[in-house]
Amino acid sequence: MMSALRHRVPVAVTFALVATILAVPQGASAHEPYPDPSLPVATRVSRLLATMTLDEKIGQMTQAERASVSNADITDFALGSLLSGGGSAPSPNNATSWADMYDGFQNASVASRLGIPLIYGVDAVHGHNNVAGATVFPHNIGLGATRDPALVQQIGRATAEEVSGTGIDWDFSPCLCVARNDRWGRTYESFGEKPEIATSMSTYITGLQGGTLGGAASVLATAKHFIGDGGTTNGTDQGNTQISEAELRAIHLPPFQAAVQKGVGSVMISYNSWNGVKDHGNQYLITTLLKGELGFSGFVVSDWNGIDQIDGQAGFTAAEVAQAVNAGIDMVMVPTAWKSFISMLRGEVQAGRVPMSRIDDANRRILTKKFELGLFEHPLTDRGYTSTVGNAAHRATARQAVRESQVLLKNSGNVLPLAKTNNKIFVAGSNADNIGNQSGGWTISWQGASGATTTGTTILQGIRAQAGTGSTVTYNQAGTGIDSSYKVAIAVVGETPYAEGAGDRPSGMGLSTADLNTIAKLRATGVPVVVVIVSGRPMDLAGQLPNWNALVEAWLPGTEGNGVSDVLFGDYAPTGKLPDTWMQSASQQPINDGDGKPALFPYGFGLTYGAVPAPSAYQLTQAEAFASQSGTQNEACTDTGGGTDVGYIAAGDWINYGSLDFGATGAASVTTRLASGAGVTGTVQYRLDSTTGPVVASVPVGSTGGWQNWAGRTTALTGSATGVHAVYVTFTTSGSGDLVNLNWFQFAH
């Protein structure tokens, strides 16, 4: 049975050792009360902090890479944290080896003078992706296409269980960047081009951490990368985000605000600059905005050697160390040069250039999370979760995520769904039978790799498994062997794995020559061709699209390729919607909803099979996506990324959004993004089935400071809304003239 506590098991010998160490007069009482779990966390932190030396405090602020430390180093320097970089794994790379490795490091940590356990971080960015055999979920861009925050929370929970089963207690995830230029190599780490997608998907944090830290399989989440990494000029990784503060706040800040509201435990700073100043040294962004204005109470961690980029010269300096810590970074990721960091920070404190108040604040934040996680009571791996790594339940959740992420972009002649029985299918393409390619970067290694890198189901294997009686499936990667006797050909093509840096595409964004040649070979037979794209972003394919019968964007689905075949065969109709605007050509980059550039496929586009089901009331509904209206006009939002709003709304006007599905349990609230001018009061009313139907929510309208000064208002429902209903929005006002502008609304359970 799983532990009802955290994902740790108590180790009596550990605390006996700590007690023995504390009994030796080294400046700390033998009866320090900080280990007492009955005391409030704040009290425990304060009493522990009072016993710590400067070196022990600096140790807590230091994060080293596992391959650059010994157990003796961990004990002697009282290191606060370790991490595994991408691909940094024990041998053999399996869950048990990871747990054994973690426990060895943790035992060394609690053998230090004060017995403070370390916290261990990994980039489990789409499942526990560094561990062979773990469930690899779709990358974030695919999850953004699902528009399913509840599913994303389930994925966070599944990931937490697998991470906990290997001992790890800290995940550098989720990435809440808003990707505004698809040339950027980390576009696939973004949930989409609009802040509301990442904001809604911050449910991952709750899945990862649980309702409160310290519960069963509770893993500390990290909102990253703060801030603006998706908005760099030309989409250059680690580049310069040259935008106004108003745009930074409108586009890139909202997901982090949501993360803080959800209690995210840590925030990672971004490599990029904002108007020429590196984020890692920007006190306004870290201390004033994040910790002050947003009220973030967790701890801030740097990115890998991020402090070394502050002055633009190779090798970090004491001045960079001081600037980063004074800016508000609490824990510094210095993978290999951690001893130099410790020495430099000690010197800066002793010289008075870094105040002790800043050191104590950083330690208070770090230690608070360690206490809340239960690390002092349960420092070692809870092996009850080790068997969850790659288990059937988690793979089923991943398969659901894959099928919900599929976006059907073209389906001429209804070639899809495929017939299961008495069909003759030819499958080709570079990504049809390649688990590494379909998993993408940050899978087993940092940049990922092609081939059989881990266990799972390829798209080809899924197709073979689901083909029914009387059907044959033939595969040749290059398309060799196809003839006109086949009823359909499927080309699974697209990108090969990459991560940041290597993934930037400053020039071409099209398919490879090999992929195009494969598709041409299939087309030459006259057989209908279905193209499935495996990629981390939209691709430049408008020139080829007219020659294809069907097009499915599969994103980077991970290890459960049978989720793709679920949709191809029609076991599940496609429901995915584009999280990014699809360009006509790469020359349009950056292209985003509302910027006036003509798209090949607009943001939110996605076809399905047959009759279209009523969309969920719980997905975000753009105000301009109405079925009909009376008296209103559409206009462009002036805040970048806001897209289009519905304005010129007065009393007596109405907007109809067709039928929305509220489900069996019904909605509890609705959030409305609105703006209004001075001196205007009234209400926005949500009605069911007609303009005079029952009012289920009445949102008060008052001045937001201007017609383009947007505010989100969450209002409890006053009436019952279950099942499928047409939704009408009506308006009342105390005066005459325009009342309100609407940007979007979203119901919630």
Side-chain angles (χ1 to χ4, degrees), residues 2 7 66 83-103 120-140 142-143 151-152 154-175 188-189 204 207-208 217-222 381-402 434-458 461 497 499 556-563:
M2 300 295 184
H7 68 280
R66 58 173 285 278
L83 83 151
S84 280
S88 180
S91 182
N93 184 357
N94 59 44
T96 299
S97 289
W98 276 81
D100 291 344
M101 174 194 71
Y102 175 90
D103 286 354
Y120 198 115
V122 294
D123 287 274
V125 296
H126 60 142
H128 202 4
N129 44 258
N130 283 295
V131 181
T135 308
V136 177
F137 294 90
H139 269 296
N140 284 355
L143 298 183
L151 175 62
V152 169
Q154 292 176 32
I155 291 170
R157 174 61 186 173
T159 301
E161 291 182 355
E162 297 202 16
V163 168
S164 295
T166 61
I168 308 301
D169 32 57
W170 183 14
D171 185 4
F172 302 139
S173 185
C175 186
Y188 66 81
E189 294 189 54
Y204 182 89
L208 204 61
S218 178
V219 172
L220 197 77
T222 307
T381 307
D382 185 342
R383 304 291 174 129
Y385 283 104
T386 307
S387 62
T388 71
V389 176
N391 71 6
H394 293 168
R395 290 184 183 273
T397 300
R399 182 173 180 173
Q400 178 187 349
V402 174
N434 197 308
I435 201 82
N437 284 3
Q438 74 187 42
S439 296
W442 285 106
T443 306
I444 306 305
S445 60
W446 171 39
Q447 293 285 333
S450 300
T453 55
T454 190
T455 55
T457 303
T458 67
Q461 289 170 332
L556 297 171
T559 52
E560 308 314 300
N562 41 15

Exercise. Mind listing the closest non-hydrogen atom pair of Ser164 and Ser218 along with its distance?
Key: OG-N, 4.3 Å
Practice problem: Would you please name every residue forming a side-chain contact (heavy atoms from CB on, under 4.5 Å) with Ala401, sequence neighbours left out? | Solution: Pro138, Leu143, Leu151, Ile155
Quiz item: Do the side chains of Leu83 and Trp170 get nearer than 4.5 Å, heavy atoms only?
Solution: no
Practice problem: Tell me, please, which residues at least two apart from Ala499 pass side-chain contact (heavy atoms from CB on, under 4.5 Å). | Solution: Tyr188, Trp442, Trp446, Gln447
Exercise. Only counting residues at least two apart or in another chain, list the ones meeting side-chain contact (heavy atoms from CB on, under 4.5 Å) with Asn434.
Key: Asn437, Ser450
Exercise. Could you pull out the closest heavy-atom pair between Ser173 and Tyr204, with the gap in Å?
Key: OG-CE2, 3.5 Å
Practice problem: Return the minimal non-hydrogen interatomic distance between Thr159 and Gly127, and the atom names on each side. | Solution: OG1-CA, 3.7 Å
Exercise. Rounded to the nearest 0.5 Å, what's the gap from CZ on Arg395 to OG1 on Thr455? Could you check?
Key: 4.5 Å
Exercise. Can you sort out the partners of Ser88 under side chain to side chain donor-acceptor pair (under 3.5 Å), two or more places apart, ordered by chain and number?
Key: Glu65, Arg66
Exercise. Would you give the length of the straight line joining atom CG of Asp171 to atom CG of Leu220, rounded to the nearest 0.5 angstrom?
Key: 9.0 Å
Quiz item: What residues form a ring-ring contact (aromatic ring centres under 6.0 Å, His included) with Trp98, not counting sequence neighbours?
Solution: His128
Quiz item: Between Val131 and Glu162, is any pair of side-chain heavy atoms under 4.5 Å apart?
Solution: no
Self-check item: Between Asn94 and Ser97, a side-chain donor and acceptor under 3.5 Å
Solution: yes
Quiz item: If every non-hydrogen atom of Ser445 is compared with every non-hydrogen atom of Ala449, which pair is closest and at what distance?
Solution: OG-N, 4.3 Å
Self-check item: Separation of Thr458 OG1 from Glu560 CD (nearest 0.5 Å)
Solution: 11.0 Å
Exercise. To the nearest 0.5 Å, tell me how far Asp382 CG sits from Asp169 CG.
Key: 12.5 Å
Exercise. Answer whether the closest heavy-atom distance between the side chains of Thr386 and Thr166 falls below 4.5 Å.
Key: no
Quiz item: So, do Val389 and His394 sit near enough that their side-chain heavy atoms are less than 4.5 Å apart?
Solution: no
Quiz item: Atom CG of Asn562 and atom OG1 of Thr457: how far apart are they, to the nearest 0.5 Å?
Solution: 4.5 Å
Practice problem: Measure across Ile444 and Asn93 and return the closest heavy-atom pair with its distance rounded to 0.1 Å. | Solution: CG2-ND2, 4.4 Å
Quiz item: Got a sec, which residues hit ring-ring contact (aromatic ring centres under 6.0 Å, His included) with His126, two or more places apart in sequence or on another chain?
Solution: His139
Exercise. Mind checking the CD1-OG spacing from Ile168 to Ser84? Nearest 0.5 Å is all I need.
Key: 6.0 Å
Self-check item: Non-hydrogen side-chain atoms of Thr443 and Pro497 separated by less than 4.5 Å
Solution: no
